[in-house]
2 protein chains.
Amino acid sequence: MKLEVQIKMNPSLYLRDPEQSELGKNIINYSIQLIQKNGFEAFTFKKLAEAIGTTEAGVYRYFENKHKLLVYILSWYWGWLQFQIHYQTNNITDPIVKLTMVIKILATNVEDDIMTSHVDESLLHQILIVEGTKAFLTNHVDKDNKQKLFKPYKDLCNMVSDIILECNPTYKYPHSLSSTIIEIAHLQIFFMYNLPSLTDFNKTDKEDQILAYLNHLVFSSINK
Amino acid sequence: MKLEVQIKMNPSLYLRDPEQSELGKNIINYSIQLIQKNGFEAFTFKKLAEAIGTTEAGVYRYFENKHKLLVYILSWYWGWLQFQIHYQTNNITDPIVKLTMVIKILATNVEDDIMTSHVDESLLHQILIVEGTKAFLTNHVDKDNKQKLFKPYKDLCNMVSDIILECNPTYKYPHSLSSTIIEIAHLQIFFMYNLPSLTDFNKTDKEDQILAYLNHLVFSSINK
DNA sequence: TATTTATGATAGTAATACTATTATTTAAAA
DNA sequence: TTTTAAATAATAGTATTACTATCATAAATA
């Protein structure tokens, strides 16, 4: 028997559930490929439709617009990250070790997860790095937030926040530190590859250096 | 005699220097207003031209496209921030006090600077918070970087980096910490107003709490 | 005064972001 | 098995965006 992880998606994100049909699954898969390859700005429903072999109208039956589709795939990944953290820190008792594991999950490139055969997590991770903040840095963030589109992100943040509090119950900024870890992990990776003078990481052992930086930042902060 | 601060802009950003004409200055001013009000995605050269009372083609004579215009106004603000830091930390000898001042400049809302009569820094600060990362989170970041479009941002980062090293010459991640401070200052402000559950700040004394968080994060980190 | 230069007015194109219509296929219900 | 409903394909069309091109005119400069 094959175990499959199912991540429950907010129905406000789609018009028709993409997980319920072949076309829907294609839309998700090819979106991930195209957004990762050319960036979100260059991504259009027309190009997507051509890649899949369907028509623009076909895509519009599933998603209202490309922003909702972006938030859909990001939500999926936020949910998957939450599951990963839960799964991989399950048997760890020491909260320090737990938090170290969390940082590693957030900041290092993932290998493709066999429990979700239909999605390539490695590509999603790269999308999160470059396009993640575009989910909420819009003028309709309020409207989207009221529709609970960022709940998976908040859940993830809360989960990390709880682990921080396990390490130090008196630490005053667990939520801010959580969102800081998540966002800085992505930004430092982006800078490292694209604007390296904004970082202190040299060409060798890049991921380890990012981890070292994040660990230093986080643990100096909570052990005060 | 009136002192005016001049910020030198990279000529690759524009086709015709907007500071050399009334129309050019209008383009900058109205862009700032419109981008702040409606967000960068909703901003178009047509709407800008209508607001100014010129034509679309008129705007295109100054800027190749709206991305370059965004980077132009962000560069201006990065340059202005660098000047502010220089100016306001000039007579401070204690590097800790200096760095505290830097954090304050980066993270609190600025009052309009009388030395730059033609630009509203408060609006620019709000633009930097929401649109700042969009300057480089593109698929043409490499091309832009080769044209030195991010030099003002890097200069700012280096300046902060140097102050960090003054505080602790053995600290290993001065550049990463600089870019972290800059970006987290903006993100936490954005979260505080739009997605508050990603922070630990309540409705009173918001700015002070952000400052407290950033100071705690930075100084725990470099005093190790 | 002649000439360059900036602007205004207008037109036009290709691509984007959609909506609508109809025919056809596929799947579910009767 | 037939009927019906639902999903898809094919096509067309609209408004807006992101530009480029042309030409006339006004202002600045030589």
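In what follows, chains carry the letters A, B, and so on, assigned in the order in which the sequence lines appear, proteins first and then strands, with residues in each chain numbered from 1. Since we're looking at a predicted model, the values are computed, not measured.
For A:Tyr60, the side-chain atoms get nearest to C:dC18 when compared with the rest of C:dC18, C:dG8, D:dC19. Residue A:Thr55 places its side chain closer to D:dT11 than to any other of D:dT11, C:dC18, C:dA9. Minimum atom distance to the side chain of A:Tyr62 is reached by D:dA7, of the listed C:dA17, D:dA7, C:dG8. Taking only side-chain atoms of A:Ala57, from C-beta outward, the nucleotide of C:dA9, C:dA17, C:dT19 with the closest atom is C:dT19.
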Checklist entry - Going 5' to 3' along nucleotides 25-30 of chain D, which nucleotides have protein heavy atoms under 4.0 Å from the base (write B), which only from the sugar-phosphate (write S), and which from neither (write -)? => result ------
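The shortest side-chain heavy-atom distance between A:Phe40 and B:Leu137 does not fall under the 4.5 Å cut-off. Under the 4.5 Å side-chain criterion, counting only non-hydrogen atoms from C-beta, A:Trp76 is in contact with A:Leu124. The shortest side-chain heavy-atom distance between A:Asp200 and A:Tyr213 does not fall under the 4.5 Å cut-off.
Side chains of A:Gln188 and B:Ser176: a donor on one and an acceptor on the other come within 3.5 Å. One side chain, B:Tyr62 or B:Ser21, offers a donor N or O that lies under 3.5 Å from an acceptor on the other.
Two rings, from B:Phe83 and B:Trp80, have their centers 6.0 Å or more apart.
Across the protein-nucleic acid pair, B:Phe43 atom CZ and D:dT17 atom P stand 12 Å apart, rounded to whole Å. Whole-Å rounding puts the A:Leu23 CG to C:dA27 C1' distance at 16 Å.
Taken residue by residue, residues 14-22 of chain A places heavy atoms nearer than 4.0 Å to DNA chain D at A:Arg16, A:Ser21.
Backbone-only engagement by A:Lys66 is indicated by non-hydrogen atom pairs under 4.0 Å involving sugar-phosphate atoms exclusively. A:Phe63 comes within 4.0 angstrom of no nucleic acid atom, judged by non-hydrogen atoms across all strands.
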Next on the checklist: Evaluate A:His125 against A:Ile189 for side-chain contact (heavy atoms from CB on, under 4.5 Å), listing each step before the verdict.
Outcome noted: CA-CA 11 Å; A:His125 185 240; A:Ile189 294 173; 4.2 Å; yes
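Atom NZ of B:Lys151 has 12 or fewer heavy atoms from other residues, nucleotides or ligands within 6.0 Å.
Remark: B:Glu41 engages B:Lys134 in a salt bridge, criterion side-chain N to carboxylate O under 4.0 Å.
With hydrogens and angles ignored, no donor-acceptor pair closer than 3.5 Å exists between the side chain of A:Arg61 and the base of D:dA6.
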